[in-house]
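Numbering of ligands and ligand atoms starts at 1, following listing order.
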Amino acid sequence: MPNVISMKKSSDKKPAKTSSTQDSPSAMKVEFPILSGTIGPDVLDVRSLYKDKGVFTFDPGFMSTAACKSAVTYIDGDKGELLYRGYPIEQLANNAGYLEVCYLLMFGELPSPKQLEEFEDTVLSHTMVHEQVHTFYHGFRPDAHPMSILCGVVGALASFYHDSTDIHNPRHREITAYRLIAKMPTLVAMAYKYSVGQPFMYPDASLSYAGNFLRMMFAVPTQDYVVNPVVERAMDVIFTLHADHEQNASTSTVRLAGSSGANPFACIAAGVATLWGPAHGGANEAVLNMLEEIGDVKNIPSYLEKVKDKLDPTRLMGFGHRVYKNFDPRAKIMKENCDAVLKELGVADPALEVAMELERIALSDPYFIERKLYPNVDFYSGIILRAIGIPTSMFTCIFALARTVGWITHWNEMIGEADQKIGRPRQLYIGPKRRDFVPLAKR
Ligand code: CMC
């Protein structure tokens, strides 16, 4: 016997009541089955609503809508909790490496030592890209934003791999996931090298995933490059913290693009495009720009006045989150990571002083307290990345690199569902009613 809830359709302004038997526009009794997950709020199953009652639900921004079932990642926004396949992010960031986390996300369980070794070998031995990919880069202006390059080259990978395009074959999907996770650091590092006019560095499979990425970013053919283990570990933790975040805008975009049966590389390119925006992955770049604009702690009060002014569009970048109404657990780990990197590299970044004071003042200000606005993952990540030597314009590419495992895992989960359907939202139409065409001469 399914659980049911009864609701009455009401006008916009009046609260819903629950007792009516008539099916008229002003009063409608609707019964919804309730679905329960393993944790988290129950959901009303409204799938038959239109078929049964001829009405849609209205939820722009998906404020109350679960668009899919998923077993990958869980967030409790009030508690500030993030679980990958059930494991808390703090435990994973402190005890596991990024590729171990990738295995967990992709396959659902932590790997055995042998499984991890095989996984790492497979990923690290597929990090090269086709030589012809190099020519794509030369088609971009050297001052192109690296995210624009990444959108293009990730989509272009679709034209290179014709041996595994059957999305309904689980082995083909797995090969695609390996390729993307392996090649993304190479593509990101190439975007950087192209922007500074240095030769592309080929990957080195003897290094760790993070170590290889750092080498491809910062080594030049004329000199040996030694990976700093503290920076390597920090990079690895940054990757882990960004690996997945359930149904965010870019992941939902990848799912929607993939729901039509599109090529997976093209779907991931759509995820890269969505991530670019400053409300999403572009926030880490925006945070650093903001800290630089503030410049000095003495300018914080006037900046916060701008942020709180309803008529001013300025937002405190790196603050607030659709789901977290408490500390973003990733921000805490990122801050610890930030301290370790700055100490190791002996960097005294004035932006850190501004960031810490901004955080302190904002967290005691009623505007932020009332709206439950806390620092998110992007608040400190930019300061670490800058200390490592990564330019601001590359920050979102690093996020994309790390999030690729999440995107492809969700894509794979969706395509593997027995009742997978193309995503097709409906609308509340507010345009003109039907009207007849007026010839040009009569207008
Ligand atoms: N600074 C100032 N006010 C804010 C901020 C902010 N960063 N975020 C939200 N608010 C206010 C907003 O003005 C609104 O106030 P009021 O109720 O008076 O109208 C209230 O808080 C609710 O905001 P909202 O826009 O309805 O919340 P949302 O869930 O739609 O937005 C967000 C979430 C992340 C887009 C938003 O908090 C934001 O723009 N933050 C800054 C950008 C940022 O740091 N993004 C990274 C998110 S974490 C990484 C990722 O997911 O990619």
Would you check the N or O atoms of [X], main chain and side chain alike, for any that come under 3.5 Å of an N or O of ligand 1?
| X | result |
| --- | --- |
| H245 | no |
| V307 | no |
| Y367 | yes |
| K310 | yes |
| D378 | no |
| V377 | no |

Flag side-chain contact, heavy atom, 4.5 Å: [X] against [Y]:
| X | Y | answer |
| --- | --- | --- |
| L358 | L304 | yes |
| M217 | M201 | no |
| W276 | H145 | yes |
| P185 | M235 | no |

Suppose I only count heavy atoms of [X] and a 4.0 Å limit; which atoms of ligand 1 are within that range?
| X | answer |
| --- | --- |
| G318 | 43 (C), 44 (O) |
| A279 | 45 (N), 46 (C), 47 (C) |
| A283 | 43 (C), 44 (O), 45 (N), 46 (C) |

Looking at the rings of [X] and [Y], which for Trp means the six-membered one, are their centres under 6.0 Å apart?
| X | Y | result |
| --- | --- | --- |
| H245 | Y324 | yes |
| F160 | F265 | no |
| Y374 | F368 | no |

Measure the distance from [atom] to every protein heavy atom, then report the residue, atom name and distance (to 0.1 Å) of the closest one.
| atom | value |
| --- | --- |
| atom 1 (N) of ligand 1 | L316 N, 3.0 Å |
| atom 15 (O) of ligand 1 | R371 NE, 3.2 Å |
| atom 34 (C) of ligand 1 | G320 O, 3.7 Å |
| atom 33 (C) of ligand 1 | R322 N, 3.7 Å |
| atom 40 (N) of ligand 1 | F319 O, 2.9 Å |
| atom 48 (S) of ligand 1 | H321 CD2, 3.4 Å |
| atom 51 (O) of ligand 1 | H280 ND1, 3.5 Å |
| atom 12 (C) of ligand 1 | R315 NH2, 3.4 Å |

ask   = Out of curiosity, is L373 lining ligand 1, as in a heavy atom under 4.0 Å away?
value = yes
query = Does ligand 1 have any atom sitting under 4.0 Å from a heavy atom of F399?
reply =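 Under 4.0 Å: yes for F399.
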Reference residue K325; test side chain to side chain contact (heavy atoms under 4.5 Å, CB included); the match among D76, L373, D78 =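 Checked D76, L373, D78 against K325; only one passes side chain to side chain contact (heavy atoms under 4.5 Å, CB included): D78.
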When rounded to the nearest 0.5 angstrom, what is the spacing between [atom1] in [X] and [atom2] in [Y]?
| X | Y | atom1 | atom2 | value |
| --- | --- | --- | --- | --- |
| C102 | E120 | SG | CD | 10.0 Å |
| Y137 | K193 | OH | NZ | 13.0 Å |
| E90 | N95 | CD | CG | 11.0 Å |

ask   = Any ion pair linking K69 and E413 (charged N to carboxylate O, less than 4.0 Å)?
value =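 K69 and E413: not salt-bridged.
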ask   = Short check: is a protein heavy atom less than 4.0 Å from atom 30 (O) of ligand 1?
value =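 Within 4.0 Å of atom 30 (O) of ligand 1, protein heavy atoms are found.
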query = Does atom 19 (O) of ligand 1 have any protein heavy atom closer than 4.0 Å?
reply = yes
task = Would you sort out whether D309 and K306 count as a salt bridge (Lys or Arg N to Asp or Glu O under 4.0 Å), showing the intermediate values?
result = CA-CA 5 Å; D309 181 353; K306 259 186 1 168; over 6 Å; no
